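To start, the structure under review is shown below, and the notes come after it.
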Amino acid sequence: MPELAEVEFYRKQWLPLGGQAVTGVRLHPRARVFRGVQTAGLQAALLGQKASASFVHGKQMLFHFSAGGWLGLHLGMSGSLDWRPVPCHPGPHDHLVLETGQGAAVFHDPRMFGRVTWHPGTEPPAWWTVRPPGLLEPGFTPALLRQALQRHPRAPLKAVLLRQEYFPGIGNWMADEILWRCALHPALPAGQALEAVPVLWKIVRQVARDALRVIGTDWGQPPASWLFPHRWKDGGICPKTGAPLLRATIAGRTTCWSPSLQKLPRPARSR
DNA sequence: GTGCTTGTTGGCCA
DNA sequence: GTGGCCAACAAGCA
């Protein structure tokens, strides 16, 4: 589930960790989420430390610890963070538990597409410092969006929106919501959407802001005027047109759109 | 049992 | 070499 706003919501679940010493670290060393990480070293490094700051960028989270060191978290498809009372009894999918005197921070991920990383030292890891501009940062400009579309002119628009190197934090539902609000067909080749760059840029930022406000603060219910509540099952009705929504796989992902609103131009006939 | 799933990566092929 | 597609990863749910 986790996209931009969900990730921000989960970061906040771990806020009680701030300022409290970690008294116990529990993890399953063989869990796929630790691929490439020395788990024994991670346990030793976290013990006794206090989380001093936390950050979100796109779908990436980063927690800074007092004595130096950075815990990176990606929630993948099914990951989540929560805060539980102690003593904490981890379930089979609770892969990382940081216990304190006041409660336990838990990373839970049944499908294990998520990822935990550890970077020692005072400077943040390289993957964090080279990140692309966030959708609501000044560096995310219409020109940058145009470049992304021009770089992949034959790819479906939806596939380009899902690329994290241009649009950090956009996931499947956000991409559908953006294209629906822009009245652009998800399968439109990106190179044919250049005229729409100003409106696309505006709506990308609008959806990011709306998602953070509604979901990112307290996981509220998105209003019925969005595509969001209507896109999950076959038989949904477009809240703009009142006509049935269509669902199909585009760019390898389940995609929902409103056919009378989001039209594909008829291909030019060769002769 | 079957067939889905809100993410990412690497291999394959044009 | 480049770009795009798709299977694989793993588990839960309908």
Side-chain angles (χ1 to χ4, degrees), chain A residues 1-11 28-37 56-61 72-81 90-96 107-117 127-128 130-132 135 147-180 186-193 204 207-208 210-212 214-216 219-222 226-236 245-257:
Chain A
M1 183 174 296
E3 303 180 19
L4 183 90
E6 291 90 346
V7 174
E8 170 59 12
F9 173 84
Y10 284 127
R11 179 189 70 84
H28 296 165
R30 291 220 298 277
R32 183 184 145 83
V33 296
F34 295 111
R35 50 200 181 277
V37 174
V56 164
H57 190 262
K59 299 174 187 171
Q60 305 275 2
M61 272 179 286
L73 295 177
H74 192 293
L75 298 172
M77 201 89 116
S78 59
S80 62
L81 303 185
H93 304 307
D94 298 330
H95 304 300
L96 179 63
F107 171 72
H108 174 91
D109 185 5
R111 290 173 70 181
M112 293 194 278
F113 292 169
R115 185 156 215 162
V116 177
T117 61
W127 59 262
W128 180 262
V130 300
R131 64 198 193 274
L135 304 179
Q147 280 172 24
L149 302 185
Q150 286 176 323
R151 188 86 171 73
H152 307 277
R154 292 185 304 280
L157 203 42
K158 167 138 182 185
V160 180
L161 280 180
L162 289 173
R163 297 184 76 119
Q164 301 299 297
E165 71 264 39
Y166 308 115
F167 305 102
I170 291 186
N172 209 23
W173 82 254
M174 283 183 75
D176 282 1
E177 184 78 32
I178 289 163
L179 292 168
W180 175 77
L188 181 71
Q192 295 179 34
V204 163
V207 170
D210 284 352
L212 284 170
V214 173
I215 297 168
W219 207 295
Q221 188 64 45
W226 297 13
L227 176 65
F228 183 98
H230 310 279
R231 67 175 294 281
W232 305 103
K233 299 197 298 271
D234 287 340
L245 295 163
L246 280 185
R247 298 173 87 234
T249 299
I250 293 177
R253 308 296 299 281
T254 300
T255 300
C256 179
W257 73 98

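If you're wondering where the values come from, they're calculated on a predicted model, not measured in any experiment. Just so it is clear, the values below take in all heavy atoms, side chains as well, and ignore hydrogens, waters and symmetry mates. Chain naming here is simple, since letters A, B, ... match the order of the sequence lines and numbering starts at 1 in each.
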Requested in this report: Measure from the side-chain N and O atoms of A:Glu3 to the backbone N and O of A:Met174, and report whether any donor-acceptor pair falls under 3.5 Å.
Outcome: yes

Do any N or O atoms of the protein come closer than 3.5 Å to N or O atoms of nucleotides 3-8 of chain C, and which pairs are they?
| unit_1 | atom_1 | unit_2 | atom_2 | d |
| --- | --- | --- | --- | --- |
| C:dG3 | OP1 | A:Arg151 | NH1 | 2.3 |
| C:dG3 | OP2 | A:Arg151 | NH1 | 3.3 |
| C:dG4 | OP1 | A:Ala155 | N | 3.2 |
| C:dG4 | OP2 | A:His152 | ND1 | 2.7 |

Requested in this report: Using modelled atom types only, decide if a donor and an acceptor are shared between the side chain of A:Arg231 and the backbone of A:Phe228 within a distance under 3.5 Å.
Outcome: no

Report task. Applying salt bridge (charged side-chain N to carboxylate O under 4.0 Å, His left out), name anything that partners A:Arg163, two or more places apart in sequence or on another chain. Result -> A:Glu165

Query - Dot-bracket pairing map - DNA chain B, Watson-Crick plus G-U, both contacts under 3.5 Å, | cross-strand - result: .||||.||||||||

Report task. In whole angstrom, give the distance that lies between atom CG of A:Asp109 and atom P of B:dT6. Result -> 15 Å

Report summary line: When rounded to whole Å, the CZ to P distance for the pair A:Arg115 and B:dT9 reads 8 Å

Report summary line: A correct 5'-to-3' footprint of nucleotides 9-14 of chain C, with B, S and - meaning base, sugar-phosphate only and no protein heavy atom under 4.0 Å, is BBBS--

Query - Side chain A:His57, main chain A:Pro132, donor-acceptor under 3.5 Å - result: yes

Query raised in the report: A:His108: what forms a side chain to side chain contact (heavy atoms under 4.5 Å, CB included) with it, not counting sequence neighbours?
Result: A:Ser80, A:Arg84, A:His93, A:Asp94, A:Pro110

Report task. Nearest 0.5 Å please: distance from the CG atom of A:Leu227 over to the CH2 atom of A:Trp232. Result -> 9.0 Å

**Report entry** C1' gap between B:dT6 and C:dG4, integer Å
**Finding:** 22 Å

Query - Expected output: side-chain A:His95 to main-chain A:Asp109 donor-acceptor under 3.5 Å - result: yes

Query raised in the report: Ignoring hydrogens and geometry, is there a side-chain-to-backbone donor-acceptor pair from A:Gln164 to A:Leu162 under 3.5 Å?
Result: yes

Query raised in the report: Would you say A:Arg11's side chain and A:Val56's backbone share a donor-acceptor pair under 3.5 angstrom?
Result: no

Taking only nitrogen or oxygen atoms into account, show me every contact under 3.5 Å that the protein makes with nucleotides 12-14 of chain B, one pair per line with its distance.
none

Report summary line: Taken to the nearest whole Å, NZ/A:Lys59 to C1'/B:dT9 is 13 Å

Query raised in the report: Counting only N and O atoms by type, is there a donor-acceptor contact under 3.5 Å from the side chain of A:His74 to the main-chain atoms of A:Gly76?
Result: yes

Requested in this report: May I have the distance from A:Gln164 (atom CD) to B:dT9 (atom C1'), rounded to whole angstrom?
Outcome: 13 Å

Query raised in the report: C:dC9 and B:dG1: how far apart are their C1' atoms, nearest whole angstrom?
Result: 22 Å

**Report entry** Reported NZ-to-CH2 distance for the pair A:Lys158 and A:Trp257, which is rounded to 0.5 angstrom
**Finding:** 9.5 Å

Query raised in the report: Could you give the distance from CE (A:Met77) to CZ (A:Arg111), rounded to the nearest 0.5 Å?
Result: 4.0 Å

**Report entry** Side-chain heavy atoms of A:Trp180 within contact of A:His230, under 4.5 Å
**Finding:** no

Query - Interatomic distance where CG belongs to A:Asp176 and P belongs to B:dT6 [whole Å] - result: 9 Å

Report task. Report the distance from atom CZ of A:Arg35 to atom P of B:dG10, rounded to the nearest whole Å. Result -> 10 Å

